[in-house]
Every structure is written in structure tokens, then in C-alpha cells.
Amino acid sequence: MTPMSPEGSGEPQGGAPVGRWDVGRVRALYPALTDGYAYLDGAAGTQVPQSVIEAIAGAYRDGIGNVGGAFPASGRSEELVAECRRAVADLVGGQPEGVVLGPNMTTLTYRLANALAATWDRGDEVVVSRLDHDANVRPWLQAAARAGAVVRWAEVDLATGELPAGQYEGLVGERTRLVAVSAASNVLGTRPDVAAIAATAHGAGALTYVDGVHATAHGPVDVAALGADFYATSAYKWSGPHVGAVVADPALLETLRPDKLASSSDLVPERFEQGTSPFADFAGVAAALDHLAALDPAAAGTRRQRVLASMAAAEAYELELFGVLLGGLEAMGQVTSYGKAARRTATAYFTVAGRTPRQVAEHLAARRVNVWNGHNYAWELTGALAIRDAGSAVRAGLVHYNSREDVDRLLEGVSELSP
Ligand SMILES: Cc1ncc(COP(=O)(O)O)c(C=O)c1O
């Protein structure tokens, strides 16, 4: 864990100290956090540090061009693409040549689903989960329908929010081609045992498509340890710009033939990337990675090693602070909290008796607390929990820059909402 700096703001304003994470040092890197709001909406997108803003502005300042040209500005864009791939690979433990870049996870997942489904036969099977964000469900359902493939569902234990890995033994069979599963739920925070699920999938010769959009921001990631054949992530959830990525073994990508223009590159991973890329934003992705790797100033070694250490320290801090947040919410009689998974991210999902989730969010916004209300695209899960029609719930999530004061402000605001 990070030693507390002499400036000493492991003790955030207005509350007891939380661990030894120097949240004051971290917060000072984020210009947007000075506006007086408690940003508990990180699960919908984080703020970005000054270094990311500078990197994006710097790319434009230096001059960029489209790739493939004979002049230096074009070469600078090519280097930004390469550096962005290296950054994402360092974050999740992949190979730069296997990093497909795109506008966001949803767009890339549709692209991959279509390319994979082209290899499926009628009667093949795909397994999706009721826990997942719809971006890791609907593309597979629609692709399966076109291919004549059968869809099987992994169910959530609604009392706990767990996605029991054991059920995959009964769901995966010799016709299974793909198992799509989330590394963490964006509402309940549940972290399923992806490695066990992947082992079951691989035992039957199926591929895994792991949605790491929520998980990546909340701890170290190792795609090999997860058994993820495809791992999807979005930089805007981890202090970067709105860029998505899917990481896979380049040899696996070579086997797929996505729809593409006749004139565009047929190389991997470019084959999967449509149109002109946001080159300046790619500079921001690389800067976000450098930022994450430096979150724990005591972390040493390669950037991959530093990011693993920093994200482990960030996770420990988030979970400690989350204990305060969840404990405070659950102590209030008017609050119903969803999800009790044994392994989870610092993400609370709750309702308040007598108020709609939107009313709670508006009440909190008036007190300068940013939270989300609604299904947050956890469409199947909120349907299964039978809360979707009533506006679902309120989501308050922590990331590495949230302070004890943010949490106290949330708890105070919710406590004002007596039934
Ligand atoms: C768990 C999860 N999966 C997928 C997505 C979709 O990501 P994107 O906005 O990059 O398409 C989100 C976005 O909130 C998410 O939280």
C-alpha cells in the first residue's frame, strides 16, 4: 500500500482516515474534482487527470495526420496508435498486436459477435449471463438468432447477486461455441469466478468473451489468469477518454473475417477497426495508463508491474472506503441494498423507501453528490430483480479518487430521506 505522504491526506476532509492511500495526492491530479461535487458516478465514467488532458491537447498541438502518409504528422499518429495498443496490453496483460481499438465496448462487441457468428452453424450454442450489462448480452442474442444458434442463460442468485460458476457445467456442452460473461457487474459489483467459468468453457472447446468494462477500473487484470479469449474494456472507466478496446490473442483474431472495406487493412488487429481512429484520444489512453501505473508511488518495475501494484493498492483503498459506504447505507432502515457477493467492486445499488431512484438521485444532486439512477443497462438483471419497471435503483460507486468526505456526503443526503 502507498505510504501516506507528508501532505498527509490519507485523511480526507471531513472524515476519519481510510487506510493509508494518499487520496489527497490522487485528487489533486484531477482538475474536475475541484468543483465541489462528490463524483460517485465513476461506474458510468471517470474524470480524467490533467496528464490525460495534456496528452490529448499535446497531440493536437504537435500536429497529427491520418495514418499511412509520407509526412511526419502521419507518423506521429501511427506512433499514437502503437503506444495506445501497448498501454492497453500493459493494463490487462495482453499483446499489443492483439489489441483492437474502437469507439467503445458496445460497438466492438457487435463487431466481434458478427465476426464470430459467421463461424457458427445452426444448432451451435452460446451462453450468456443474467448478470451482464446488455452490451455483453444483446449482441450475442442477435448474432445467435441470425446464425440459428441456441442461447443458454446463466442465472444470478438474486438473494446474493452471485453468478454461481458451477452452473456452467450444465450449460456448456459440445455444441457451445462461446461463453460471454462479465468480470464484474456494473450495478451489483459482483465479480464472478471467471477463471472457473472459462475452464469449463475451454473444456468443451468454447471461447470466452469477458466484459471487463466495469472490472478493469477496480483492480489488477490478467487476461491469461482469467482465461479470457476476448477481454473488452473502455478507457473512459479508468481515467481515460472515450475509447474502447478488445484484447485477444492475435492468432485467434487471424481466424476471424469481420466485415470491412475492400480498401482497408486486412492485417490484425487493424482488420477489426473501421474508419479513421481518434488518434489524439489514443494519446490520452496511454497517459491514463501511465497515471494508473503511478497511483502507488512506491510501485516499481516495468509499467505492467507498476500498474498491477497500483491497481491492487487502489482496490484495497476502494474496498475499505466501501465498507464505510455500504455499512452506512445498510444501517438506514429506509434503504434496501442489492447484492452481497463475496467478491465485489466498491459499487452500491440501492433503493430508498417512499422515493423513486430518480428522486433520490435528484435529492443527492442538489447536495452536490453525483449518483446514477436506473437500470444502467443491466437490463436482464434489473428485470430478474423485478425493479426495472419501478425505475430500478440508485448506483453509488467508488473509484480510486473518491474520498471519505464523498461518502459522508452521500450518507448524510440519504439519511435526510426518511420514509
Ligand atoms: C459492465 C459494462 N459493460 C459494458 C458497458 C458498455 O461499455 P461502452 O460504453 O464502452 O460501450 C458498460 C458501460 O457502462 C459497462 O459498465
Side-chain angles (χ1 to χ4, degrees), residues 39-48 84 88 91-92 99-114 128-142 154 156 161 163 179-192 194 197 208-219 221 226 228 230-247 272-274 277-278 281-282 284-285 288 318 338-339 341 343-349 370-382 392-399:
Y39 282 88
L40 299 177
D41 63 331
T46 49
Q47 303 306 309
V48 301
C84 186
V88 175
L91 179 60
V92 304
V99 175
V100 178
L101 299 169
N104 51 55
M105 177 272 188
T106 305
T107 305
L108 288 172
T109 302
Y110 266 113
R111 227 172 267 171
L112 268 301
N114 288 335
V128 295
S129 107
R130 203 78 67 189
L131 184 72
D132 276 63
H133 186 287
D134 211 44
N136 203 28
V137 176
R138 216 57 48 184
W140 304 113
L141 265 52
Q142 291 160 356
V156 177
L163 182 72
V179 174
V181 68
S182 184
S185 157
N186 65 317
V187 290
L188 303 185
T190 308
R191 287 178 173 279
V194 173
I197 294 167
T208 56
Y209 191 97
V210 178
D211 177 359
V213 173
H214 184 71
T216 311
H218 298 287
V221 177
L226 286 172
F230 300 91
Y231 184 89
T233 186
S234 275
Y236 75 93
K237 308 286 193 184
W238 36 266
S239 306
H242 289 87
V243 171
V246 170
V247 182
F272 295 85
E273 297 171 348
Q274 294 173 345
S277 294
D281 283 348
F282 288 173
V285 173
E318 285 178 22
Y338 295 91
R343 289 183 63 245
R344 65 192 291 189
T345 63
T347 313
Y349 200 48
N370 297 352
V371 295
W372 268 98
N373 63 281
H375 52 68
N376 297 310
Y377 285 44
W379 185 255
E380 294 292 335
L381 179 66
T382 51
S392 298
V394 177
R395 178 178 65 186
L398 300 176
V399 293

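Please read these numbers as outputs of a predicted model, since none were measured by experiment. Note: hydrogens, waters and symmetry copies are ignored here, and every other heavy atom, side chains too, is used. Read the numbers this way: they start at 1 and go in the same order the structure lists the ligands and their atoms.
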Identify the residue among Asn376, Asn186, Thr345 that makes a side-chain hydrogen bond (donor to acceptor under 3.5 Å, both in side chains) with His214. Thr345
How long is the span from the CH2 atom in Trp140 to the CG atom in Leu112, to the nearest 0.5 Å? 6.0 Å
For atom 15 (C) of ligand 1, grab the closest protein heavy atom and report residue, atom and distance to one decimal in Å. His133 CD2, 3.2 Å
Interatomic distance, OG1@Thr109 vs NE2@His133, rounded to 0.5 Å, equals 10.0 Å
Here the gap from Asn104 atom CG to His242 atom NE2, rounded to the nearest 0.5 Å, amounts to 9.0 Å
If you measure from each non-hydrogen atom of Asn104 to ligand 1, which part falls under 4.0 Å: side chain, backbone, both or neither? both
Is it the side chain (CB and beyond), the backbone, both or neither of Thr106 that lies under 4.0 Å from ligand 1, heavy atoms counted? both
Looking only at distance, does Ser182 have an N or O less than 3.5 Å from an N or O of ligand 1? no
Among Met105, Lys237, His214, which one has a heavy atom closest to atom 13 (C) of ligand 1? Lys237
Looking at Tyr236, which atoms of ligand 1 are within less than 4.0 Å of one of its heavy atoms? 7 (O), 8 (P), 9 (O), 10 (O), 13 (C), 14 (O)
Please indicate whether Tyr377 has more than 12 foreign heavy atoms, meaning atoms of other residues, nucleotides or ligands, lying under 6.0 Å from its OH. no
When you compare ligand 1 with Thr107, is there at least one nitrogen or oxygen pair between them that comes in under 3.5 angstrom? no
Please report the interatomic distance CG(Leu131) to OG(Ser185), rounded to the nearest 0.5 Å. 4.5 Å
Out of all atoms in ligand 1, which are within 4.0 Å of some heavy atom of Asn186? Include the element for each. 1 (C), 16 (O)
Element-labelled atoms of ligand 1 that are located less than 4.0 Å from some non-hydrogen atom of Ser234: 8 (P), 10 (O)
Exercise: identify the closest heavy-atom pair between Arg111 and Pro103: NH2-CD, 4.1 Å
Nitrogen or oxygen atoms of Ala184 and ligand 1 under 3.5 Å apart: no
Roughly how far, to the nearest 0.5 Å, is CG of Leu226 from OH of Tyr231? 6.5 Å
protein heavy-atom neighbour closest to atom 3 (N) of ligand 1 works out as Asp211 OD2, 2.5 Å
